[in-house]
Structure formats: structure tokens, C-alpha cells
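Below is one structure; the comments refer to it alone.
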Amino acid sequence: MKFSKLLILLALAISSSGFSQELRQFGIIPYPEHETPQKGTYKLPTEISYTTNYTAEDLKDLQQYLPNYPLKLKAQQGKAVLEINLTGTPQDIQKGREAASNGEYLPLEDEGYTLSIARKHIKIESPTTRGAFYALQTLAKLAEDGKGIVPITTITDKPRFKYRGLHLDVSRHFFDIDFLKKQIDLLCTYKINRIHWHLTDTHGWRLEIPAYPKLTELSAWRTASDINEWAEKKSTFCTKDDSQAYGGYYTADDVKELVEYARLRHVTIIPEIEIPGHSWEVVSAYPELSCDDEPGYRNEVCIGNEKTFRFFETVLDEVTRLFPSHYIHIGGDEASRMHWKKCSLCQARIKEENLNGEDELQSYIIKRMEKYLNSKGRNIIGWDEILDGGLAPNATVMSWRGTDGGVKAAKMKHNVIMTPNVHCYFDMYQDIPETQPKAFAYVVSLDNVYAYDPAPKEFGEEFGKYILGVQGNTWTEWIASGSHAEYMIYPRIIAISEVGWSQMNRRDAENFKERITREIKRVLHKGYNAFPLSPYVKSKQQIDRENKCIELSLSAERSDVQIHYTMDSEDTTPTINSPIYSEPFIVKDSVKVYAQLFENGTPIGTPLYIRADYHKAIGKSITYNEKCDYYHKDKRYTGGGDTALIDGIRGSISYADGKWQGFCPNNMDVTIDLGEVTGVHYIKANFAQCKNVGANLPEKVEIYGSVDGKRYMLIATDEPTEEEKLKETTFKEMGWTGDRMRIRYIRYQAKQAKPQYMFCDEIVIQ
């Protein structure tokens, strides 16, 4: 009896993992909801005959797409290898057809499908053509993985979320229509169904508006490609015939061509027109739309001026003419209130409309624009700043400043698209910053993306139902070419596809690692400049205070490599003969590990050096001295609070991982009480530098020691080298090591050259 129960529990454990052994070998991304595998495989014919009950209109759309489909399909009367049947009512099918054009949300089941593969016969069933299209993508991926041989199985599938998107900023750098088509070709294979097209911003206006020709005659062209160099030239725009002109724009025909191309692949293009901030390109072309304060650079339009509303209404008239998308993104983010506070027209508007300050002034323009678009049968999406000053009645909120804005909007019963920057921003580094092209701020690794849950259980059904989905955002301040854009987008958007499609019980990080390792090679083979996955060992430390130890684990982003390591050895370079890492190290004092990845016996990347310490300050007392306090405005930068610098928890290569403590603009000045006089020979802290967000290494570190807490002696000073100061991104341990001395109190001061950000993760004392 006990043995029978054990077998039942074992079977349940295997089934709950969500991955059948037969399909584990296949690289389906995103992973389907359910499969019923059977024994055997089927070798697909070179040309697959198919029949379908599609309407003539739907069949025409399918046949326009098929030349781009990886498998060769040929229509046939009567019995065929592939049968594609729509099971929905005529109304369902019509809704699906409309949704393919205007992006209205379908019930999850209507995007779902059943794919049944038997010997010499394949059947696809779905309520809509979109679901059938996704079934075709799954079939193609099975065939691609099996080199034309597919498993005998039945897959029943539908998405977890309705919205699965990629954002692409074309304002900072212009990307042509062919590049955009190329991305849609690949994105649709991962069941991505939205492209959020960021058409306007400070650095360039990209959409032709006949009523306002200067927007493209002037503001589509700037005098330098590099945005920092352009800023040094006072952010001036020019005409196309200027010798320094850099930019471009899309005509109405360009837009129509792209929208139709995307529609055939069941992708909706959502345009974004920034209102009211990020509008330097607008006021440069039409200065009368700016506020009446002193002349010069400003990023906001004047909300007190009725010409501003006529301008945006005219622009949105053209946008709604060109884009069938039911949703129009109107920005609403990062608008400074400075000009509005000084502007007589804006202040008059506040008084006339009985508004409570500049926050409600911004809300006023958002609500007016929403009302205007609602009158045209459209709805708005805005960044989470549109919550400030009051949310427009029918607005969808795109939560980017973490998840708080999304939670707040959901509790107000507004639809939400989750795109928090710590998980979903593709302009961030994706690997060790010093090894990567210049990017923005911190690290958003593939693991960060895949680990994200847009609607965790704690949301509950009541609010979770308002989470429409997830989006990866590609801002292009530092991304000037299509090749670089692809490098930043892939593979992270592939992880987003699974985050948005697959149920949580179908997501498995280790299995995804196996699939993405194979998938990224195929993406590269197809001619996309994808990031080929990290060649470096990654590390993670967890503290166990009960047992007074650190658990140090190593990992790789790829599944086709081994980790070799050396520990506390003079020979710091691992070789093929060094031990293979298999399980975490338990560290009760200190350990130094060098680890390296090996592919087919050959080292790749460079060795990782990692030190783990269950050090003497863990659990002791720390005091932030006078004029020293850490950054409280963003919980990510608190490091966890008052004990963050001596909690034993080490930060990763991303200063925004919640484990680094930020100081701005003050110096770091703390005193640690070890509780008793103790022998000490090592006092060091780790700092992060990321110059493009104003985070720098300390100019100087001073360390003092005391026995009684009254009389302190200088133990050591430390400074970064001039070379280290110039690095865009780097990490440095700063402090002292030497002969053992007996002290109780340690005062650690990290001084800045000027007011700026400074990040520290741990002060280690041994």
C-alpha cells in the first residue's frame, strides 16, 4: 500500500513539472499549456498539402503569408496531410479577423488552438485564424527542432495574457521599414502580438503629418547621430539637405505597408505620440506651442494654449486614419512642471479649470486627449505617470517605474500592461557591463526577464484580471543601428514571449535554458545579430544566519557548457583538469573561487573571481553617522534598510537588484560595532560605477579603528586609479588588508568628489 502511494506521488510530481520527456527535446518557445504525447514520430513531407474551412477573405490572407512560412504548404482539394479548421461561430471568426487589424483583445481561448499530430496526418483546430496561425508556428518549431521529424502528440494551448509586446523607440535613431518587417517576421513565431512604435520624442519626429509639414521637414533631422554630441550642439534640428543631417521619417504609404505586413502575421502596431512631455521636437518646429517663460530648451508643450490642443487633435486625426489600432499610446511620462509653473497661460488654465497644481494640469491634457480619441472610437494607453493628478476614465496604464503603478491602476479597475524597467528594459546591459556595448544603467539579464511574473498570486483574481500582459521596451539612446538593436532585443524578447504566453506551472528556468541555447543558434543562423548568450560564469550568494554560513552557487546562461573551478588556490586559472562544479559551496568563514566556462573542453570567456565571506560584522550594530543617510526614495536602492551594508548579502553586477545601497548626494560614513575587541586583518567594501546615470566610485575611502569608540586611529586610505575613474562601468573593492589588529569599532568613510550617486553592497570585515 505504501509502495502504491509512493508511485502515485512520484507520478504526480513528474506531471506537475509540466514537461513531458518526449517534448523536452523540442525547443518550443513559448511552451504550450498542455500536451498528450504518444510514442513515435512523423517525418513531414517536403511539401505539405493542406485543406481548410477558412472564408475566402481569410484564405487570401493566409496565402499571402505562406511564402514566408518556414514549411512549404500547398492547398489541395480533398484529403490532405494538414487540416486547418476554424471551430468558432461566424461571429467569433469575424471578431478574430477584426482583432488581427485593430488589436482589440480576444478571449484567451480565441487565441488558443489544438494541434494534433498523427502518422501522416496533422489537424489544427481553433476558434479564430489567430489561434490557427499560432498552431502553425508551433508546428514549424517542432519541425525545426526535429529537422523535419515531429513527435506524435496532441497539443492544447492558449496564452496566459492577451497582450505580449515589444516596444521600439525610433525617435532617437530611425529604423527603416525593412528592418521593422524583419523583426515582425521573427517575433510572430514566438506569438508576440503587439509592436509598440515609439514615433515621437525629444530627438526626432518620425511620422509625416500633412497639416504640420515642419515636423518632418525640420524635426525629423538633427545635426548629429550621437545624442550627447547633439546636446552639445544645443539640440538643434536641420533640414534633410544639411550636410550633417541625420534622421528620417515614415510616410503614410510606409505606415500602411507596415501595418498590413504586421496584420498578416497577427501583430498589431500601436503608435505612440508623446503628450505633453518629450516634446522638444514639437516646440522646435512650432515655437508657438511652447510656454511663455524664458526662451531656450524645454521638453514640454504649453497646456494653457488652445493651439496645443488643436495641434494634437490634428496629429491624432492622422494617426487614427493610418493606424487601425483600437489603442493609441499618448506617453504622459517624465514631464517637468518647471515651465508650467512659470507660464502665465498654464497658470491661467489651472485657475480656470479649478485644478490643484501642475500634476492635475498634466492630467487635464491627458483626459482631454482621451475624450477626443474616445469620440473616434479609440482608447488610450499611457505610461504610469498618467496616474499623477488623476487617471483618465478609460485609460490603460503601462507600468514601467517598477510594479507599483500597475498595482495601483489595477486596484482602480483599470487595465494594465506590465513593463517594469528592472525586468523588461532592453536598453539595459544584459551581461557584465565591461564586456558589452555601451548601454543604459544596470543589468537586465535573460534570467531577470524570465523570472518575472506579471500577475503573481498575491494580486488575487479580483485585481489580477486587469493585468493584460507584458512588454519588453527597447529605448535607443545608445542603440544607433539595426544590428545593435537586434543584439539588445534577442534573446530577451524570447523570454518575454514565454512570460506572456505560458502558465506559471509550465515555466521552468532550467528547461528554458536548454531551449534558448538551441533557439539562439537558430536565430543567429537566420541572420539576426542576437546576443549569443553569456560566456561567463554567474554567481549567487545566500546567507544562512541560523547555521552561520553563506551558500555560494555558480551557474551559466547556456546549457551546453561546464563550469570548472579552483578554490583558495595560488593557481587562479581553472583548466579542463580542475574540478567540475556540481553543487553550491557552503562557506563558514571566507573562500576565494575562480570559475570558468568550458565548451567542448575549450575555455570561453574569462574566469570569474568571487569571494564569499561569513564575516565578523554580520548581525552586529551599524550606525549611520551625522550627515550620512542612504537613498530612501526608491526601495531598490535601500539595499534592504539599515543593516544592508553588513547583512552578508552581496550585490550582483546590477546595482538595481535591491542589494546595493545608494548614497546621493551625501558621502557614506558609518560606524560598525563588533560587540567586543576582535582581531581584524581585512576591511573592504565593494562599489559600483555606472557613469551614464551619474554613479561613480568614491573619490577616497578612509578607514578608522577604535577600541573604546572614542579615540580613533586611521587604519588606511584607498583611492581608485585614474584609469578606473574613466571606465564607463566598473566594480571595485576598496579598503584595507594587512597584519591583524585588535579593535572593536570600525568607521568606514567613502567620500565623493562632488554630489552624485554612489552604490555600495557590503562592508566585509575579517
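When reading the values below, keep in mind they use all heavy atoms of this one structure, side chains included, and skip hydrogens, waters and symmetry mates.
Side chains of His423 and Asn448: a donor-acceptor N/O pair is absent below 3.5 angstrom, by distance only. With hydrogens and angles left out, the side-chain atoms of Lys233 and Gln244 include a donor and acceptor closer than 3.5 Å. Side chain to side chain, Ser325 and Asn102 fail the donor-acceptor criterion of an N or O pair below 3.5 Å. Using a 3.5 Å distance cut-off with no hydrogens or angles, the side chains of Thr239 and Asp241 do pair a donor with an acceptor. His196 and Gln471 share a side-chain donor-acceptor pair at under 3.5 Å. With hydrogens and angles left out, the side-chain atoms of Glu358 and Tyr364 include no donor and acceptor closer than 3.5 Å. A donor and an acceptor atom, one from each side chain of Glu728 and Gln689, are nowhere located under 3.5 Å apart. No side-chain N or O of Lys438 forms a donor-acceptor pair with one of Asn692 less than 3.5 Å apart. Side-chain contact of Asn374 with Asn379: a donor-acceptor pair under 3.5 Å is present, judged by distance alone.
The two residues Pro420 and Gly402 make their nearest non-hydrogen contact at CB-O, 3.6 Å. Minimum interatomic distance between Pro454 and Val470 (heavy atoms only, all atoms of both residues): CG-CB, 4.0 Å. Smallest separation of non-hydrogen atoms from Phe237 and Ser219: CE2-O, 3.4 Å. Between Val267 and Ile192, the shortest heavy-atom distance links the atoms CG2-O, 3.5 Å. Of all heavy-atom pairs spanning Glu281 and Gly204, the tightest one is CG-C, 4.1 Å. Shown here for Leu726 and Lys691, the closest heavy-atom pair between the two residues is O-CD, 4.0 Å.
Thr320 places a side-chain N or O within 3.5 Å of a backbone atom of Asp317 that can act as its donor or acceptor partner. Within the 3.5 Å criterion, the main-chain N or O of Ser344 finds a donor-acceptor partner in the side chain of Asp292.
Once rounded to the nearest 0.5 Å, the distance linking OG1 of Thr202 with CD1 of Ile227 reads 9.5 Å. Atoms CZ and CZ, on Arg492 and Phe426 in that order, are 6.0 Å from each other to the nearest 0.5 Å. With rounding to the nearest 0.5 Å, the separation of CZ in Arg298 from OG in Ser284 is 9.5 Å. The distance from atom CD1 of Ile209 to atom CG of Leu316, rounded to the nearest 0.5 Å, is 8.5 Å. The structure places NZ of Lys341 at 12.5 Å from SG of Cys346, a figure rounded to the nearest 0.5 Å. Within the model, atoms CG of Leu199 and CG of Leu207 stand 5.5 Å from one another, a figure rounded to the nearest 0.5 Å.
Taking the six-membered ring for Trp and the full ring otherwise, the centers of Tyr286 and Tyr212 sit less than 6.0 Å from each other. Annotation: Tyr327 is in aromatic contact with Tyr105 [ring centroid separation under 6.0 Å]. Ring to ring, His632 and Tyr637 are not that close: their centroids are 6.0 angstrom or more apart. The distance between the ring centers of His329 and Trp383 falls below 6.0 angstrom. Between Tyr757 and Phe663, the ring centre distance reaches or exceeds 6.0 Å.
Listed by chain and number, the residues in a salt bridge (charged side-chain N to carboxylate O under 4.0 Å, His left out) with Glu477 are Arg172 (sequence neighbours excluded). Considering only residues two or more places apart in sequence or on other chains, Lys181 meets the salt bridge (charged side-chain N to carboxylate O under 4.0 Å, His left out) condition with Glu257. Partners of His198 under the ring pair (Phe, Tyr, Trp, His ring centres under 6.0 Å) rule, at least two apart in sequence or in another chain, are His167, Trp475. Residues passing the ring pair (Phe, Tyr, Trp, His ring centres under 6.0 Å) test with Phe459: none are found, sequence neighbours excluded.
Between Arg636 and Asp657 there is no salt bridge, since no side-chain nitrogen of the basic residue lies less than 4.0 Å from a carboxylate oxygen of the acidic one. A salt bridge is defined here as a Lys NZ or Arg NE, NH1 or NH2 lying under 4.0 Å from an Asp or Glu carboxylate O, and Arg337 with Glu300 fails to meet this definition. A salt bridge links Arg321 to Glu318: one of the charged nitrogens lies within less than 4.0 Å of a carboxylate oxygen.
The salt bridge (Lys or Arg N to Asp or Glu O under 4.0 Å) pairs that include a residue from residues 205-220 number zero, where partners must be two or more places apart or lie in different chains. Here salt bridge (Lys or Arg N to Asp or Glu O under 4.0 Å) pairs that include residues 395-422, with residues two or more places apart or in two chains, are Asp384-Arg401.
Looking at heavy atoms from C-beta onward, Met668 lies out of side-chain contact with Pro698 at the 4.5 angstrom threshold. Inter-residue side-chain proximity for Thr476 and His203 is flagged as unmet; no heavy-atom pair is nearer than 4.5 Å. Proximity of Leu166 to Trp197: side-chain heavy atoms (C-beta onward) are nowhere separated by under 4.5 Å.
For the ring-ring contact (aromatic ring centres under 6.0 Å, His included) with Phe174, the qualifying choice from Tyr250, Tyr249, Trp221 is Tyr250, the only one to do so. Under the side chain to side chain contact (heavy atoms under 4.5 Å, CB included) test applied with Leu468, the options Val397, Ile381, Val416, Asn415 reduce to a single match, Asn415. In summary, of the residues considered (Asn421, Thr419, Asp427), a side-chain hydrogen bond (donor to acceptor under 3.5 Å, both in side chains) with Asn473 occurs for Thr419 alone.
Between Tyr425 and Trp400, the angle of the ring planes stays under 30°, which puts this pair in the parallel group of the 30/60° scheme.
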Kindly determine whether Tyr442 and Tyr429 satisfy ring pair (Phe, Tyr, Trp, His ring centres under 6.0 Å), including the steps that lead there. CA-CA 6 Å; Tyr442 43 82; Tyr429 291 100; 9.5 Å; no
Given the rule in the salt bridge (charged side-chain N to carboxylate O under 4.0 Å, His left out) test, do Glu313 and Arg310 qualify, once you have shown the distances and angles that lead to the verdict? CA-CA 5 Å; Glu313 287 170 0; Arg310 288 199 296 272; over 6 Å; no
Stepwise, does the salt bridge (charged side-chain N to carboxylate O under 4.0 Å, His left out) test hold for Lys182 with Glu486? CA-CA 10 Å; Lys182 181 185 176 187; Glu486 289 177 351; 3.0 Å; yes
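For Asn356, the CG atom sits in a loose shell: 12 or fewer heavy atoms of surrounding residues, nucleotides or ligands are nearer than 6.0 Å. A 6.0 Å sphere centred on CD of Glu288 holds more than 12 heavy atoms belonging to other residues, nucleotides or ligands. By the 6.0 Å contact criterion, CD on Glu461 is open, its count of non-hydrogen atoms from other residues, nucleotides or ligands being 12 or less.
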